[in-house]
Amino acid sequence: PDYGFPSTPLSSDSVKTHQFSGYASVNVKAKEGFNIELGSRWNHHSIYGTNYTSSINPSFLIKDHYKIYANISSGYRVPSLYQLYSEFGNKDLKPETTTSYETGIQYYSDKINARVTGFIRDGKDVFLWSGKYINGDKQHDYGIETEASINFTNLLSASFNYTYVNGEISTTNNSGKDTSFFNLYKRPKNIFNFSLNYQATKDLFLSTILKAASKAFEGPNELKAYYTLGFYGQYKFDKKFTVFADLQNITDQKYFVTRGFNTKGFNVNGGVRVSL
């Protein structure tokens with residue numbers, strides 16, 4: 001669609017780019033539990049020339065149950081053909097570059113596998129939409145991720161994950177002053193998922209799923225917080241036939257992840273799987 005703007009015909013000869021890349025990595029493992037992986041990628045783009053990205057990923061095992069890890073990596077992304085040549089495109093776009101840092105700790109045993117990770121991501125010349133595609137100045141995102149799976153018994157297990165993310169972009173306004181504002185639109189700062197799983201019999205499996213998300217913003221408009229509750233069950237008659245039912249949004253929550261577009265209320269999917 002042209003959204004009120006006429007589309008300009010483009011020649012296939014002019015709307016063309018190509019990119020070559022090569023990647024190399026080395027992994028060093030020490031007897032004391034220390035591991036490190038180093039990697040680097042060479043990129044050559046027909047418009048933007050040559051660039052290198054790299055990563056370093058050390059980790060350390062402690063007493064067979066704990067793992068401390070970290071990662072530092074750089075990223076490089078060139079504009080797509082649409083961002084360059086469409087009616088909303090900008091041929092003066094610069095490539096987007098990022099540097100990411102993360103560190104965390106993991107615990108694992110026969111019954112528990114859990115980890116906590118903190119991350120920071122800094123970007124430069126990030127792609128933004130402002131009537132057409134433009135480069136922003138500096139992007140700074142940060143957050144934390146946690147996840148765990150627990151086997152209470154051979155029949156009962158649970159898993160959950162929680163993510164917190166925040167970020168802002170810094171730009172220079174028309175008066176020459178620096179300004180920063182939150183711009184992770186449509187992305188809730190808090191997202192939580194939980195599932196409880198029960199193998200009731202050899203053939204009957206039951207699971208309950210809860211998802212919750214905090215409020216988000218789509219531009220200046222607020223998207224309200226919401227939660228959904230689901231239930232899944234399946235029964236195997238034999239090795240070939242399985243009957244299942246998937247109940248989603250049981251409490252019929254009304255929420256939006258994009259303004260103007262409805263999401264599913266209470267709905268049920270079911271069927272039979274046949275394995276030949």
Side-chain angles (χ1 to χ4, degrees), residues 25-39 55-75 98-122 140-167 184 186-202 204-216 225-234 244 246-251 253 255 257:
S25 66
V26 59
N27 192 305
V28 180
K29 184 176 182 180
K31 293 182 179 180
E32 294 78 10
F34 177 74
N35 297 272
I36 186 169
E37 182 179 6
L38 304 171
S55 65
I56 177 171
N57 185 11
S59 63
F60 190 76
L61 301 178
I62 304 174
K63 295 183 179 180
D64 297 328
H65 289 295
Y66 294 92
K67 178 181 179 181
I68 299 174
Y69 54 89
N71 177 268
I72 301 174
S73 61
S74 59
T98 57
T99 303
S100 300
Y101 312 87
E102 70 173 38
T103 185
I105 185 170
Q106 180 180 7
Y107 172 81
Y108 51 92
S109 66
D110 293 338
K111 293 187 175 182
I112 300 175
N113 190 340
R115 70 180 181 94
V116 178
T117 303
F119 62 89
I120 297 173
R121 183 171 54 248
D122 292 319
H140 178 69
D141 303 330
Y142 57 93
I144 187 171
E145 296 177 343
T146 64
E147 63 179 7
S149 58
I150 304 172
N151 296 319
F152 299 106
T153 68
N154 292 334
L155 304 178
L156 181 64
S157 65
S159 63
F160 78 87
N161 62 71
Y162 167 74
T163 302
Y164 169 80
V165 62
N166 203 343
L184 299 183
K186 298 174 64 175
R187 175 63 190 266
K189 290 184 178 181
N190 301 276
I191 298 177
F192 176 78
N193 294 282
F194 173 81
S195 67
L196 184 65
N197 311 302
Y198 182 50
Q199 191 72 49
T201 68
K202 178 182 177 181
L204 178 62
F205 173 78
L206 305 172
S207 179
T208 299
I209 305 100
L210 170 68
K211 177 180 180 180
S214 63
K215 66 181 180 180
Y226 68 91
Y227 76 92
T228 60
L229 181 65
F231 174 81
Y232 176 83
Q234 69 173 37
F244 67 92
D246 186 9
L247 288 69
Q248 301 178 10
N249 195 4
I250 293 175
T251 57
Q253 296 295 303
Y255 65 97
V257 294

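When reading the values below, keep in mind they use all heavy atoms of this one structure, side chains included, and skip hydrogens, waters and symmetry mates. All figures in this text were calculated on a predicted structure; none of them were measured in a lab.
- A donor-acceptor contact closer than 3.5 angstrom links the side chains of N113 and Q106.
- A 4.5 Å side-chain heavy-atom check between R187 and T163 finds at least one atom pair inside the cut-off.
- In this structure, the side chains of D141 and N166 stay at 4.5 Å or more apart for every pair of heavy atoms.
- Between I144 and V116 the shortest side-chain heavy-atom distance falls below 4.5 Å.
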Intermediate values then yes/no, side chain to side chain contact (heavy atoms under 4.5 Å, CB included), F231 and I209
CA-CA 6 Å; F231 174 81; I209 305 100; over 6 Å; no
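- In plain terms, the two heavy atoms of P188 and A216 that are nearest each other are N-CB, 3.8 Å.
- Counting heavy-atom neighbours within 6.0 Å of N154 CG, excluding the residue itself, gives a total of 12 or less.
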For the pair V28 and F34, evaluate side chain to side chain contact (heavy atoms under 4.5 Å, CB included) and give the outcome as yes or no after the intermediate values.
CA-CA 8 Å; V28 180; F34 177 74; over 6 Å; no
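- In this structure a side-chain-to-backbone donor-acceptor pair under 3.5 Å is present from Q199 to T201.
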When you look at F60 and K67, which way does the side chain to side chain contact (heavy atoms under 4.5 Å, CB included) test go after all the steps?
CA-CA 6 Å; F60 190 76; K67 178 181 179 181; over 6 Å; no
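- Closest approach of N57 to A70, counting heavy atoms only: OD1-O, 2.7 Å.
- If you take CZ on R115 and OG1 on T146, they are separated by 9.0 Å, rounding to the nearest 0.5 Å.
- Checked by atom type, the side-chain pair Y101/N71 shows no donor-acceptor distance below 3.5 Å.
- In this model, no donor atom of one side chain and acceptor atom of the other lie less than 3.5 Å apart for Y232 and T208.
- Checked by atom type and distance alone, the side chain of T103 pairs as donor or acceptor with a backbone atom of Y69 at under 3.5 Å.
- One finds the CD atom of E37 at 9.5 Å from the OG atom of S59 (value rounded to the nearest 0.5 Å).
- Interatomic distance, OH of Y164 versus CZ of F119, reported as 9.5 Å (0.5 Å rounding).
- In terms of modelled atom types and a separation under 3.5 Å, the side chain of S159 and the main chain of S149 share no donor-acceptor contact.
- For N197 and S207, the side-chain atoms include at least one donor-acceptor pair closer than 3.5 Å.
- Note that the CD1 atom of I112 and the OG atom of S157 stand 12.5 Å from one another [nearest 0.5 Å].
- A side-chain donor from one of D246 and Q248 sits under 3.5 Å from a side-chain acceptor of the other.
- Between L210 and F160, the closest side-chain pair of non-hydrogen atoms is not below 4.5 Å.
- When every heavy atom of D64 is checked against every heavy atom of Y108, the shortest pair comes out as O-CE1, 3.3 Å.
- Within a 6.0 Å radius of CZ in R121, other residues, nucleotides and ligands contribute 12 heavy atoms or fewer.
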Checking ring-ring contact (aromatic ring centres under 6.0 Å, His included) for the pair Y107/Y66: CA distance, chi angles, key distance, verdict?
CA-CA 5 Å; Y107 172 81; Y66 294 92; 5.1 Å; yes
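- Atom CD1 in I68 sits 5.0 Å away from atom CD1 in I105 (nearest 0.5 Å).
- Between the side chains of E145 and Y162, no donor-acceptor pair is found at a separation under 3.5 Å.
- The distance from atom OG of S109 to atom NE2 of H65, rounded to the nearest 0.5 Å, is 6.5 Å.
- Aromatic pair Y226/Y255: centroids less than 6.0 angstrom apart.
- Checking side-chain atoms of H140 against main-chain N and O of G167 turns up no donor-acceptor pair under 3.5 Å.
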With side chain to side chain contact (heavy atoms under 4.5 Å, CB included) as the test, would you mind laying out the steps for L196 and L206 before giving the verdict?
CA-CA 8 Å; L196 184 65; L206 305 172; over 6 Å; no
